[in-house]
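Below is one structure, written out as structure tokens, with a few remarks after it.
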There are 2 protein chains.
Amino acid sequence: MSTRAEKVSIAVIGAGGVGSCFVTQLASLAKSRPSPKLSLIYLAIIDRALYHQDYAPIPFDNALEELDKFGFEPPSISNIIHFLSKAPDKVVVVDNTSSQAIAESYPAFLKSGISIITPNKKAFSGSKELWEDIFSSVGPQGQGPFVYHESSVGAGMPIISTLNDLVETGDRVTRIEGVFSGTMSFLFNSFAPINGEGGSWSANVMRAKQLGYTEPDPRDDLNGLDVARKLTILGRLAGMSIESPTAFPVQSLVPQELSGCTEFLDRLPEFDDRMDKERKEASKANKVVRFVGSLDLVAQKAKVGMEWFEKSHPIAGLEGSDNIISFHTERYGPLPLTIRGAGAGGDVTAMGVLGDLIKILRQI
Amino acid sequence: MSTRAEKVSIAVIGAGGVGSCFVTQLASLAKSRPSPKLSLIYLAIIDRALYHQDYAPIPFDNALEELDKFGFEPPSISNIIHFLSKAPDKVVVVDNTSSQAIAESYPAFLKSGISIITPNKKAFSGSKELWEDIFSSVGPQGQGPFVYHESSVGAGMPIISTLNDLVETGDRVTRIEGVFSGTMSFLFNSFAPINGEGGSWSANVMRAKQLGYTEPDPRDDLNGLDVARKLTILGRLAGMSIESPTAFPVQSLVPQELSGCTEFLDRLPEFDDRMDKERKEASKANKVVRFVGSLDLVAQKAKVGMEWFEKSHPIAGLEGSDNIISFHTERYGPLPLTIRGAGAGGDVTAMGVLGDLIKILRQI
């Protein structure tokens with residue numbers, strides 16, 4: 001028989017786009033929520049950390065300013081774990097980084113009784129060993145330590161919780177399909193709109209970069225790996241054994257000739273005819289081309305790449321940089337359960353992280 | 001400081017379309033879940049109940065057969081509450097009925113420490129007093145007694161949990177809009193399809209009735225009250241003060257001349273021209289007519305009725321008897337978070353109820 005925590009300590013690692021939104025949202029939550037009482041005992045960015053040896057709380061309201069003023073060189077990950085494991089109250093670590101090293105330490109955090117919440121895809125889409133190590137280190141359901149990662153797919157949208165609910169209640173998920181990348185969504189919705197002209201592929205990529213929709217190097221979006229990582233996470237949650245995000249067919253939209261060169265964007269127009277041909281052929285079939293990931297859970301197959309859709313299909317009708325994810329299941333029958341909305345952005349991603357925290361607080 | 005339950009007792013009231021699916025799903029869950037240990041201590045249908053004075057469990061696997069064989073006249077609601085409140089373990093009541101009397105007893109169940117799960121809309125869309133009485137009777141977050149009612153809107157789809165997450169994490173919901181009735185969805189998708197002809201309104205109503213998509217008396221769908229009830233629930237969860245589901249404009253599609261008559265379906269064709277006119281006018285504007293509910297949370301207004309949508313709008317593109325619900329929020333920005341799928345049916349509704357049970361089991 002376990003007892004329920006009256007106080008919970010939070011450690012936040014990373015305060016960039018998502019992390020800074022999260023700290024603001026956390027401050028509001030801590031004020032509005034009487035129980036359990038929350039305190040922030042550790043806050044760090046890449047080159048600066050703030051904590052007190054006696055676990056005295058960092059004030060929520062100006063935490064980032066305090067970090068800036070009083071922060072010092074961050075301890076090693078093993079020293080962070082040691083520090084947090086000695087805390088008087090139960091501890092939840094919120095990893096808002098995209099660090100591989102921290103992701104690889106989740107099992108160590110969990111084994112020290114520390115729960116993990118993160119939007120970081122790395123831990124769940126890396127090696128199968130790491131996945132198994134993480135999920136064999138969590139405590140029994142409802143008791144913790146917990147690991148929650150709603151925002152690792154579709155930001156704050158209820159994708160992972162929905163898939164987990166389907167599986168846990170005994171539905172049989174047969175197929176998952178969708179547009180998992182905000183960048184790819186934006187690019188294809190403008191390159192191959194349902195009505196009208198879409199301009200050249202390279203012009204669309206350049207515009208997306210200018211508007212801040214791509215990674216600093218757009219090849220990090222165009223290579224399809226981000227989508228493959230998200231598909232790996234969903235596939236594993238649905239019970240598929242996926243060795244790694246490169247263990248299934250992933251179509252890269254980076255021309256092989258440009259994969260290593262420094263003048264990628266300058267030379268991209270040379271390859272516009274390839275994408276134009278794809279668009280034209282789809283159009284001849286009265287369809288539009290989109291970049292999708294799909295999991296066939298019956299045949300146990302995953303794939304990422306361009307596919308053609310009827311103009312009336314929800315994937316074809318996507319707007320802006322929205323994601324869309326459909327779950328085909330035995331109970332839902334011929335029409336899938338579909339969720340659509342913003343799948344990227346600081347505030348919505350942080351909201352997914354905060355939602356996970358609330359779920360843990362109900363159980364811890 | 002509270003302690004965690006090692007055993008939880010379940011009482012199931014109602015074993016019709018949803019309830020019988022639920023009992024089957026519950027049997028699977030109880031087998032696959034090691035902790036807390038579940039037992040069924042009460043099972044009832046309208047004229048028959050089964051329970052043992054010593055709280056001996058009813059076997060999950062052939063519970064309905066046992067009820068059929070050994071059931072006796074059900075006790076009064078106050079006697080059920082008395083019986084359950086003396087149970088040695090924590091108790092969760094699953095109300096799979098649509099009974100007003102049981103709905104009105106939720107506060108009494110909760111005050112006796114008994115948690116409630118239900119797809120029954122009555123309690124949450126009735127008087128404001130009952131709503132307030134229910135939610136002032138639940139225990140502190142994470143401790144219970146709990147009340148969960150995911151399936152009261154959109155069956156098993158994550159509608160209520162998503163709205164609660166948005167509110168609890170501090171997002172500002174500005175507008176909720178959607179098709180909330182599977183019957184209305186089916187009727188309008190076939191009466192005014194995006195492409196092609198739709199036949200007469202009365203022919204569509206008759207076909208829907210034949211296919212089992214309507215209530216025994218289709219007026220119970222066409223009067224819009226079912227949609228108004230769901231809107232009332234979502235509006236209240238989003239913080240709006242709604243007195244009752246008849247306290248805002250609800251368009252009934254039952255011609256006033258036919259509201260009391262016995263030959264409703266026979267006489268419905270006399271009124272086909274009204275609906276045909278609506279369809280034609282929408283069509284002239286290059287739109288289609290749909291039956292929607294909407295909540296404007298800024299202006300604090302709710303309404304239910306026919307509206308016209310561009311053919312590319314997700315509401316226009318709905319298929320079959322699918323529901324679709326969109327949440328417009330400050331954090332999601334110009335494009336809403338949208339959830340679409342089957343919003344009715346025994347198995348998907350029961351799955352929403354079972355999902356609620358799993359959430360309670362993590363906390364109780």
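In what follows, chains are A, B, ... by sequence order, proteins preceding strands, each numbered from 1. Note that the coordinates shown come from a computational prediction; the quantities given were computed from them, not determined experimentally.
Residue A/Ser28 does not touch chain B at all, counting heavy-atom pairs closer than 4.5 Å. Of the atoms belonging to B/Ile358, it is side-chain heavy atoms, and not backbone ones, that fall under 4.5 Å from chain A. With a 4.5 angstrom heavy-atom cutoff, A/Gln363 touches chain B via backbone and side-chain atoms both. Looking at A/Ile339, the atoms closer than 4.5 Å to chain B (heavy atoms on both sides) sit in the backbone and in the side chain alike. When heavy atoms are compared at a cutoff of 4.5 Å, A/Pro336 approaches chain B solely by way of its backbone atoms N, CA, C and O. For A/Lys359, the part lying near chain B is the side chain, with the backbone staying farther off; criterion is any non-hydrogen pair under 4.5 Å. The part of A/Asp165 that comes within reach of chain B is its side chain, from C-beta onward, which places non-hydrogen atoms under 4.5 angstrom from that chain.
Heavy-atom contacts from other residues, nucleotides or ligands closer than 6.0 Å to NZ of B/Lys311 number more than 12.
Atom CD of residue B/Glu168 and atom CG of residue A/Leu357 lie 11.0 Å apart, to the nearest 0.5 angstrom. One finds the CD atom of B/Gln25 at 8.0 Å from the CG atom of A/Asp171 (value rounded to the nearest 0.5 Å). Note that CZ of A/Arg362 and CD1 of B/Ile360 are 11.0 Å apart. Values are rounded to the nearest 0.5 Å. One distance of note links CZ of A/Arg340 with CZ of B/Arg340; it measures 11.0 Å at 0.5 Å rounding.
Screening A/Asp347, A/Val348, A/Asp322 for a side-chain contact (heavy atoms from CB on, under 4.5 Å) with B/Tyr332, the sole residue that qualifies is A/Val348.
Contacts with chain A were tallied for B/Leu354, B/Thr169, B/Ile194, B/Leu361; B/Thr169 has the most, counting heavy-atom pairs under 4.5 Å. Looking only at heavy-atom pairs under 4.5 Å with chain A, the residue among B/Ala342, B/Ser312, B/Pro314 that has the most is B/Ala342. The candidate with the highest count of non-hydrogen atom pairs below 4.5 Å against chain B, out of A/Asn164, A/Ile324, A/Thr338, A/Leu166, is A/Thr338. With chain A as the partner, the residue from B/Arg33, B/Met351, B/Glu319 showing the most heavy-atom pairs under 4.5 Å is B/Met351.
When every heavy atom of B/Thr162 is checked against every heavy atom of A/Pro158, the shortest pair comes out as OG1-CG, 3.4 Å.
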